[in-house]
Amino acid sequence: MFKFNFDVEDDGEQGIGSLGENSTTQNRGPASAQTVVPDAFTELSLVNALDSLPSKISYSPITIPLASGGELSLPRRDLFDARFQLISQNADDPDASEQPSVVNARSALQFLDAPSDLVPLVYEGGLKTWECSLDLASYLDSISSQFDVRGKRVLEIGCGTSIPSLYILHRIFSSPPSQNQTHIHLQDYNASVLELVTIPNIILTWYLSEAAETYRKSEEEQTDSASLELNMSDNLKDTFHQSLITYGVHLRFFSGSWDTFDLRKLGGSYNLVLTSETIYCMESLPSLAAVMRGACNAEGPTDTYQYLCLVAAKVLYFGVGGGVAEFVRCVRDLDTGGTVETVWEKTQGVERRVMSVRWN
Ligand SMILES: C[S@@+](CC[C@H](N)C(=O)[O-])C[C@H]1O[C@@H](n2cnc3c(N)ncnc32)[C@H](O)[C@@H]1O
């Protein structure tokens, strides 16, 4: 049985969100009981987020075991590096203590230092990678020959370190450029998660891909190839933006609670809707399901692969209430409802699933 573990550090090897059987589990009671005003829907600028990063960011590989038997390594910004950034943002401008960016930095620092993986409606766990996100990336790999993501509209809900989207971007940047325009929208509760890990992970994924080979070679003399650090030069950012155009990739980033998620501002429905480790909270399940349903334009034709709506999760989130059974019930009971089919599962140890949702 899975419990959110608020005592355990990262597992050390992969920096996976804390898990554990025997840990002390803080339920959502005390924080939920307070009147917390959820963060509102906001769009973040990619350019500003890249400009706010320090001159170097450090990273480590995370390994995704693939269903095919192989494995894929993707880069992820180190959490300690994000922490240094926050500390220096605080120190650089002590007078600006009430500016939103400084307030955000201060509270993000609390999340990084807190012995807790979740503070309901304050910080929802996105700084760390949760293991079902690897399952979802692996599942996407297993269907990649039937589902070409290029030219599609993709939404990752509750993305955090965004491993499934990184997998998609890795594929796009490892294939020849195509005329197809691919829209990838990423949502997280916390703007600071998008700024500190999601966006850095995306530029890192590009940097290590075939799309950036020429850039990497041009930088080789100035870079210590053994160090896992990326120089955030203007040249790097310009080349990245140029590559996005060449590969037809359009990225947008949204923060805020699902209650406030405004699909009308996002340019239409999606062909691929992804989410992992987001069904743990009973209270937010209806708003999560409503975002998913709206994003899939459930009124439209429902041919196979008109849309794919995939949810990766543990079967049971003990101590916080949610899980697969509650999610299935919530989907069934929502407006006209929908059905959930398990497309991949792990039944040993902590049970995990990837599910496909079809909306009625
Ligand atoms: C446990 S983390 C999982 C992160 C990532 N998907 C993974 O698997 O590594 C849960 C994610 O859901 C998002 N989330 C949780 N509750 C939310 C809510 N009520 N509104 C918006 N986002 C929420 C958080 O931003 C967070 O990134």
Side-chain angles (χ1 to χ4, degrees), residues 2-6 10-11 14-19 26 28 31-32 36-42 44 62 64 74 76-77 79 104 107-108 111 116-140 154-168 185-199 201 253-263 273-292 295 310-314 317 319-323 327 330 350 352-354:
F2 166 77
K3 294 178 183 182
F4 277 107
N5 172 2
F6 295 96
D10 289 352
D11 73 359
Q14 297 253 34
I16 299 286
S18 309
L19 309 173
Q26 172 191 311
R28 299 173 70 89
S32 323
V36 181
V37 180
D39 285 1
F41 176 83
T42 308
L44 273 78
I62 185 162
I64 304 173
L74 290 173
R76 231 176 10 149
R77 187 182 189 190
L79 263 188
N104 281 343
S107 56
F111 313 148
S116 158
D117 274 339
L118 280 179
V119 183
L121 294 183
V122 178
Y123 164 60
E124 293 280 352
L127 287 168
K128 293 182 182 174
T129 296
W130 298 77
E131 59 191 343
C132 295
S133 66
L134 308 183
D135 298 338
L136 189 47
S138 173
Y139 181 72
L140 287 172
V154 181
L155 174 66
E156 183 172 355
I157 306 171
C159 62
T161 57
S162 66
I163 301 295
S165 295
L166 297 186
Y167 167 78
I168 289 170
H185 295 177
L186 296 107
Q187 179 275 339
D188 196 274
Y189 187 80
N190 299 103
S192 41
V193 166
L194 295 167
E195 289 162 350
L196 289 168
V197 294
T198 315
I199 290 172
N201 287 351
F253 301 89
F254 306 96
S255 65
S257 118
W258 296 319
D259 289 348
T260 64
F261 197 77
D262 191 349
L263 283 159
V273 174
L274 304 169
T275 193
S276 79
E277 304 255 17
T278 47
I279 63 169
Y280 52 83
C281 171
M282 298 288 282
E283 290 93 336
S284 58
L285 276 180
S287 55
L288 171 64
V291 170
M292 290 167 66
L310 299 172
V311 181
K314 300 190 174 72
Y317 291 89
V320 276
F327 176 70
C330 177
V350 175
R352 311 198 301 258
R353 288 190 191 164
V354 177

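One is the number of the first residue; the rest follow in order along the sequence. Ligands are counted one by one from 1 in listed order, and the atoms in each one are counted from 1 as well.
Using the six-membered ring where Trp is involved, F41 and F254 have ring planes that are parallel, under 30° apart on the 30 and 60° scheme.
E156 and S162 form no side-chain donor-acceptor contact under 3.5 Å, judged by distance and modelled atom types alone.
With sequence neighbours excluded, the residues satisfying side-chain contact (heavy atoms from CB on, under 4.5 Å) with S255 are T42, L44, A191, L194. Taking S257 as the reference, P38, Y189, D259, T260 meet the side-chain contact (heavy atoms from CB on, under 4.5 Å) condition, with sequence neighbours excluded.
Between G125 and ligand 1, no N or O atom pair is found at a separation short of 3.5 Å. Geometrically, ligand 1 and S276 share a nitrogen or oxygen pair separated by less than 3.5 Å. Polar contact with ligand 1: present for W130 (N/O pair, distance under 3.5 Å). In terms of N/O distances under 3.5 Å, ligand 1 is approached by D188.
Annotation for ligand 1: atoms under 4.0 Å from non-hydrogen atoms of T278 are 11 (C), 12 (O). Each of the atoms 21 (C), 22 (N) of ligand 1 lies under 4.0 Å from some heavy atom of Q187. Of all atoms in ligand 1, numbered sequentially from 1 with element shown, those under 4.0 Å from a heavy atom of C159 are 5 (C), 6 (N). Annotation for ligand 1: atoms under 4.0 Å from non-hydrogen atoms of T129 are 9 (O). Distances below 4.0 Å separate heavy atoms of K128 from the following atoms of ligand 1: 9 (O).
Counting only distance, with no hydrogens or angles, the side chain of T129 and the backbone of T161 share no donor-acceptor pair below 3.5 Å. With hydrogens and angles disregarded, no donor-acceptor distance shorter than 3.5 Å links the side chain of E277 to the backbone of A313. With hydrogens and angles ignored, the 3.5 Å screen pairs no side-chain donor or acceptor of W130 with any backbone N or O of G160.
For the pair G256 and ligand 1, a heavy-atom separation below 4.0 Å is found.
Across G158, S133, G160, heavy-atom proximity to atom 6 (N) of ligand 1 is greatest for G158. Nearest-heavy-atom check against atom 16 (N) of ligand 1 across Y189, W258, F41, F254 picks out W258.
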Next on the checklist: Determine whether L310 and L140 satisfy the following criterion, side-chain contact (heavy atoms from CB on, under 4.5 Å), listing intermediate values before the conclusion.
Outcome noted: CA-CA 9 Å; L310 299 172; L140 287 172; 3.9 Å; yes
Next on the checklist: Could you go through I163 and R76, starting from their C-alpha distance and side-chain angles, then the distance that decides it, and tell me whether this counts as side-chain contact (heavy atoms from CB on, under 4.5 Å)?
Outcome noted: CA-CA 9 Å; I163 301 295; R76 231 176 10 149; 4.1 Å; yes
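Proximity of Y280 to ligand 1, defined as any heavy-atom pair under 4.0 Å, is confined to the side chain (atoms from C-beta onward).
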